[in-house]
Amino acid sequence: MILSQTINAILLPLILVLFLIIANDRSIMGKWVNSLLANMLTVVLIIVVVTATIAMFIAPLIT
Amino acid sequence: MRKALYFLTLLGPGLITASAGNDAPGIATYSVVGSTYGYNMLWVILVIVIGIVLVQDMAARMGTVTGKGTADLIRERFGVKTTAIAMLALLIANLGTTVAEFAGVAAAGELFGVSRYITVPIAGVLFGILILRGNYKKVEKVLLVLTLSAFSYVVTLFIVKPDWAQIAQSSVRPNIPMDANYMMLVLAVIGTTITPWGIFYLQASIADKGKSVKDFGETRLDVVVGSIWGNIISAIIIIVTAATLFKAGIVVTAAEEAALALAPFAGEGSSILFAVGLLGASLLAVSVLPLSTTYAFCEAFGFERGLNHSFKEAKAFYLIFGFIILLGMAFALIPSIPLSI
């Protein structure tokens with residue numbers, strides 16, 4: 001059960017990158033495009049998830 | 001009083017999606033987290049609150065402004081190939097979770113002594129009919145009622161009486177072991193809250209509901225309140241299992257184990273409450289998750305979709321939905337399915 005949730009997280013950055021592009025596209029969102037804060041926080045989130053994913057795979061190799 | 005009631009009517013997709021985030025695999029995750037690491041993962045919840053509000057706000061904004069779902073927008077902006085890849089990723093993630101939801105119904109039912117061969121088919125058929133026959137408003141009402149089952153965890157919290165000082169300390173200065181298991185669980189906690197399917201579902205149901213841009217303030221409120229409430233419940237489940245199981249050195253690997261293990265510490269009532277919460281969340285997710293996957297597929301490939309359409313008008317929508325439910329039910333009924341990975 002829990003593994004399915006870990007998979008959710010690993011696939012999240014893929015969706016978030018697509019999201020970022022669409023949410024910043026003025027021709028789609030008009031004046032409702034992402035704020036700078038929203039963009040920064042989303043990038044941070046992507047970095048956190050990717051880092052945790054890499055850490056999970058590397059950890060057994062270095063400890 | 002009037003204002004409070006009006007506020008309640010504003011709640012909808014945001015609350016439902018957040019509550020479905022505390023689904024069977026979510027409850028399993030939090031139970032394992034709490035029993036294995038005590039309060040040392042609560043900081044992740046704090047981080048996630050920001051994350052989920054951020055992401056769902058984007059999804060809600062996109063749904064309101066364009067009136068379209070996520071998959072639709074991906075196809076329009078990036079073309080069919082990227083969409084197909086995204087759909088494949090979504091399908092893999094969702095099928096695993098869907099099976100886990102039906103497994104949650106099975107497990108919760110069995111905690112009450114009812115065989116899964118009764119509960120799973122009934123859940124599948126009942127919610128299948130609800131989706132088939134109801135329009136968006138009707139379905140939303142039923143799902144909102146199911147979100148109330150989360151209150152059972154709040155009650156359990158008061159029974160358990162945890163050490164709040166220690167909670168505060170562990171949240172601010174957690175003891176983080178740098179091992180793969182911890183990382184896997186950190187990802188699981190993130191992944192069970194900020195789910196790809198939740199994103200698709202929120203945007204699609206907002207588009208389906210037809211909210212206009214000038215009402216976006218209300219939509220935003222629903223999203224923020226729903227998300228925060230969902231995370232509070234997550235934290236409560238971790239705290240409840242940490243205060244009882246972790247303290248006693250009992251590590252559980254599944255939600256139903258946690259429900260049973262609580263009894264010696266917090267009384268029989270707590271087990272029942274836990275089971276009620278598990279059942280409610282599973283039933284909610286059993287409708288939401290297949291629905292989300294169906295929305296995404298229909299949008300991605302341009303099929304007619306939506307709860308307000310009749311079966312005749314949107315055959316692919318209803319057929320795909322039915323297929324996913326049947327598949328999920330089938331896997332959950334296999335006797336030796338490993339529910340506790």
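Lettering follows sequence order; numbering is per chain, from 1. It should be emphasised that the depicted structure is a prediction, and the values quoted were computed from it without experimental measurement.
Both the backbone and the side chain of A:Ile28 come within contact range of chain B, judged by heavy atoms closer than 4.5 Å. Within the 4.5 angstrom heavy-atom criterion, atoms from both the backbone and the side chain of A:Asn34 approach chain B. When heavy atoms are compared at a cutoff of 4.5 Å, B:Thr64 does not approach chain A at all. Using a 4.5 Å cut-off between heavy atoms, B:Phe216 contacts chain A through its side chain alone, with no backbone atom that close. Heavy atoms of B:Arg77 lying under 4.5 Å from chain A belong exclusively to its side chain. At a 4.5 Å heavy-atom cutoff, the contact between B:Val55 and chain A is made by backbone and side-chain atoms alike. B:Ile48 does not touch chain A: none of its heavy atoms, backbone or side chain, sits under 4.5 Å away. At a 4.5 Å heavy-atom cutoff, the contact between B:Ile199 and chain A is made by side-chain atoms alone. For chain B, no part of A:Ser27 is nearby; none of its heavy atoms comes within less than 4.5 Å. For B:Thr66, the part lying under 4.5 angstrom from a heavy atom of chain A is the side chain only. Neither the backbone nor the side chain of A:Val17 comes within less than 4.5 Å of any heavy atom in chain B. Only the side chain of B:Leu54 comes within less than 4.5 Å of a heavy atom of chain A; its backbone N, CA, C and O stay farther away. Contacts of A:Leu18 with chain B are made by both backbone and side-chain atoms, with heavy-atom separations under 4.5 Å.
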### Query
Given B:Ile190 and A:Val49, is the side-chain contact (heavy atoms from CB on, under 4.5 Å) satisfied, shown in steps?
CA-CA 8 Å; B:Ile190 296 176; A:Val49 174; 4.2 Å; yes
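By number of non-hydrogen pairs under 4.5 angstrom with chain A, the leading residue of B:Asn94, B:Val186, B:Ile74, B:Leu185 is B:Ile74. For the options A:Ile7, A:Ile21, A:Leu20, A:Val44, heavy-atom pairs under 4.5 Å to chain B are most numerous at A:Ile21. If you tally non-hydrogen atom pairs under 4.5 Å between each of A:Leu11, A:Ile15, A:Ile22 and chain B, the highest count goes to A:Ile22.
The nearest pair of heavy atoms linking B:Met183 to A:Ala52 is CB-O, 4.1 Å. In terms of heavy atoms, A:Thr6 sits closest to B:Met184 at OG1-O, 3.4 Å. Of all non-hydrogen atoms in A:Phe19 and B:Gln203, the two that sit nearest each other are CZ-OE1, 4.0 Å. Annotation for A:Gln5 and B:Ala188: closest pair CB-O, 3.7 Å, computed over non-hydrogen atoms.
If you take CG on B:Leu73 and CE on A:Met29, they are separated by 8.0 Å, rounding to the nearest 0.5 Å. A distance of 9.5 Å separates OG of A:Ser35 from CE of B:Met58, quoted to the nearest 0.5 Å. Note that OG1 of A:Thr53 is 4.5 Å distant from CG of B:Leu187, once rounded to the nearest 0.5 Å.
Between B:Pro25 and A:Ile2 there is no side-chain heavy-atom pair separated by less than 4.5 Å.
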